[in-house]
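Encoded as structure tokens, the structure appears first; notes follow it.
Both backbone and side-chain heavy atoms feed into the values below; hydrogens, waters and symmetry mates do not. Each chain gets a letter, A, B and so on, in the order the sequences are listed, and its residues count up from 1. The model shown is predicted, which means the values in this text are computed figures rather than measured ones.
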Number of protein chains: 2
Amino acid sequence: MAGNRRPAGRPRTRILNREVITSAARRIIAIDGVPALTMTRLAQRLSVTPSALYNHATSKQEILRWIEDSVMGEIDASAFETTDWHTALREWARSYRDVMSAHSELIGALATVEVAESPRTVAMYEKVAAGLAAGGWPIASVVPLILTLESFIYGAAFNDHAPENVYDTGELSDLAPTFARAVEAQRGRDLRAINHELFEIGFDAIVDQTAERAGVPMPATTASA
Amino acid sequence: MAGNRRPAGRPRTRILNREVITSAARRIIAIDGVPALTMTRLAQRLSVTPSALYNHATSKQEILRWIEDSVMGEIDASAFETTDWHTALREWARSYRDVMSAHSELIGALATVEVAESPRTVAMYEKVAAGLAAGGWPIASVVPLILTLESFIYGAAFNDHAPENVYDTGELSDLAPTFARAVEAQRGRDLRAINHELFEIGFDAIVDQTAERAGVPMPATTASA
DNA sequence: ACCTGAACACCGTTCAAGT
DNA sequence: ACCTGAACACCGTTCAAGT
């Protein structure tokens, strides 16, 4: 028995696991972006050979899924435990938007991945689903609502990421006089601020209409922080 | 003079250009997906050596931008020429959603690219901007409206692409009983149809609220095909 | 059980050499 | 002006060999 335990004083050398790999990978992405995440670079950060990683992950794709779950775990759905569903849903949506916005590089990779092996992601959805159900939403309307809001949230995160000059027409402005004028009218305005303002409008619009359609009454006291 | 012209009967061998490269690339993506688009594969399709492509495009990235412009050019904004802005905007949004949905693999790559060297994209935006301006929209509200709708459209296209089982919790369903039940309640229902229905709701909600805010009256006869 | 080191089949891109 | 062919510096992944 005792022979199986590592001798005292000898440093542990087996340090690779999902958690440690995920956080090293996220650090690389945070510093140098998604394209910088290579198996070689990741192995270097972990003081290990690239092939060693394959003892813990079956592929780079799997590591990307770990990262996704890790990011989704940052979304704050705790408001469902403390306030009415409408307020909680808004705070969740904002948090979701902010998290996705901060990791917009990943959106393309993340959006189509299944949720099956992603414990933190599933936990997040559970909080939302439970909160909505407790708030009077019929179970059959929960997924459609989440789907629609996610649509909007992903899109909003995209726009947050968009460079200031996405709409610059460059040499083509002669061909697009009205559009060029419309773009010019935004010059100097904070696109991000506009975007966030529009997010609130869109959120209210979607939730109000969906709730009405599902026959769900608004909570008595709707805070709108 | 005559000496510069290619001799009759000799086949032209210089056939590479933006158009021909773009369409070959799109065909590869259509058949085998985005990952299958490599410079080698593209060159093969064009009966040419990979390095030959670099006489026409400065990088693979540039070719991806050509593809983006080509895809955006398929969005139908012609309704602005024939009907009121509200109906036209809806038809444009549906077309945009359908085009993005059909090319959802590209969304991640496309969303952050500038519009500067993209003539068909700019032409599409011009139709929308001109139509809105003619319909009474203040020029300063045009870009914000487009931004918000694009948010929603991209998100909706994402959801169209989502596999049926995105929300399957797998072995984790014990940890997420309510969410698992909510997902189960959708089983057998056509997610795509639900998604399209919700798209209309979201669209109306966003446009109505944004128009009201901008002080734009609805057109007298709003068709809702 | 886990890591190394060599190898494999690819990538995108460059560049001298040809016509 | 445009294409070829060889080369370069990478990729992700596999696998026998070690401990």
Side-chain angles (χ1 to χ4, degrees), chain A residues 1-7 9-26 28-29 31-68 105-106 108-109 113, chain B residues 1-7 9-26 28-29 31-68 105-106 108-109 113:
Chain A
M1 288 295 196
N4 275 343
R5 306 179 48 198
R6 105 189 122 85
R10 173 124 69 84
R12 293 182 63 193
T13 52
R14 312 280 182 260
I15 50 154
L16 254 42
N17 57 43
R18 171 172 173 160
E19 203 172 329
V20 126
I21 292 173
T22 303
S23 98
R26 288 199 57 177
I28 291 170
I29 290 176
I31 295 170
D32 290 320
V34 172
L37 181 67
T38 66
M39 297 303 268
T40 305
R41 176 87 185 272
L42 182 54
Q44 263 169 9
R45 256 221 169 257
L46 294 162
S47 305
V48 109
T49 268
S51 51
L53 296 168
Y54 290 87
N55 286 306
H56 303 90
T58 64
S59 65
K60 186 181 175 182
Q61 182 67 30
E62 174 159 55
I63 295 174
L64 285 170
R65 252 183 277 129
W66 294 348
I67 295 171
E68 178 194 20
E105 288 182 303
L106 289 168
V113 169
Chain B
M1 287 296 196
N4 275 344
R5 308 180 44 197
R6 105 188 122 86
R10 172 124 70 82
R12 292 182 63 193
T13 52
R14 312 282 182 260
I15 49 152
L16 256 43
N17 57 44
R18 171 171 172 162
E19 204 171 328
V20 126
I21 291 173
T22 303
S23 96
R26 289 199 57 178
I28 291 170
I29 291 176
I31 295 170
D32 291 319
V34 172
L37 181 68
T38 66
M39 297 303 267
T40 304
R41 175 88 185 272
L42 182 55
Q44 263 169 8
R45 254 219 169 259
L46 295 163
S47 304
V48 109
T49 268
S51 50
L53 296 168
Y54 290 87
N55 286 307
H56 303 90
T58 63
S59 64
K60 185 182 177 182
Q61 182 68 28
E62 175 159 54
I63 294 174
L64 285 170
R65 252 183 275 128
W66 294 348
I67 294 170
E68 178 195 19
E105 288 182 304
L106 288 166
V113 168

Checklist entry - In whole angstrom, what separates Arg18(A)'s CZ from dC2(C)'s C1'? => result 20 Å

Checklist entry - Distance from His56(B) atom NE2 to Leu16(B) atom CG, nearest 0.5 Å? => result 5.0 Å

Item to check | Who pairs with dC8(C) - Watson-Crick or G-U, where each distance is under 3.5 Å | outcome: dG12(D)

Checklist outcome for this item: Here the distance between atom C1' of dG12(C) and atom CG of Leu53(B), to the nearest Å, is 11 Å

Checklist outcome for this item: Against the side chain of Val48(B), the closest entry in dC11(C), dT4(D), dT13(D) is dT4(D)

Item to check | Integer-rounded Å distance: dG12(D) P and Leu42(A) CG | outcome: 9 Å

Checklist entry - Closer to the 5' end of DNA chain D via nearest nucleotide, is it Arg41(A) or Thr49(B)? => result Thr49(B)

Checklist entry - Quick one: Met39(B) CE to dC10(C) C1', roughly how many Å, whole number? => result 15 Å

Item to check | Base-pairing assignment for dC2(D) (Watson-Crick or G-U wobble, both under 3.5 Å) | outcome: dG18(C)

Next on the checklist: On DNA chain D, compare the nucleotides closest to Thr38(A) and Ala52(A); which residue's is nearer the 5' end?
Outcome noted: Thr38(A)

Checklist entry - Can you tell if the side chain of Leu37(A) reaches within under 4.5 Å of the side chain of Leu64(A), non-hydrogen atoms only? => result yes

Checklist outcome for this item: Regarding the side chain of Asn55(A), the nearest nucleotide among dC2(C), dC11(D), dT4(D) is dC2(C)

Checklist entry - How many Å lie between OH on Tyr54(A) and P on dC11(D), as a whole number? => result 12 Å

Item to check | Value in whole Å for how far the P atom of dC10(C) lies from CD of Gln44(B) | outcome: 11 Å

Checklist outcome for this item: To the nearest 0.5 Å, atom OG1 of Thr22(A) lies from atom CG of Asn17(A) at 8.5 Å

Next on the checklist: Counting only side-chain nitrogens and oxygens, does His56(B) get under 4.0 Å of the OP1 or OP2 atom of dA1(D)?
Outcome noted: no

Checklist entry - In whole angstrom, what separates Lys60(A)'s NZ from dC11(C)'s P? => result 15 Å

Item to check | Distance in angstrom units between Ile21(B) CD1 and dC2(D) C1', rounded | outcome: 12 Å

Checklist entry - Could a donor-acceptor pair under 3.5 angstrom be found where the side chain of Ser51(A) meets the base of dG5(C)? => result yes

Next on the checklist: What contact category does Ile63(A) fall into here, base, sugar-phosphate, or nothing, at under 4.0 angstrom with non-hydrogen atoms?
Outcome noted: nothing

Checklist entry - So how far is it from Ile67(B) CD1 to Leu106(B) CG, rounded to the nearest 0.5 Å? => result 6.5 Å

Item to check | Leu42(A) side, atom CG; Lys60(A) side, atom NZ - distance, nearest 0.5 Å | outcome: 9.0 Å

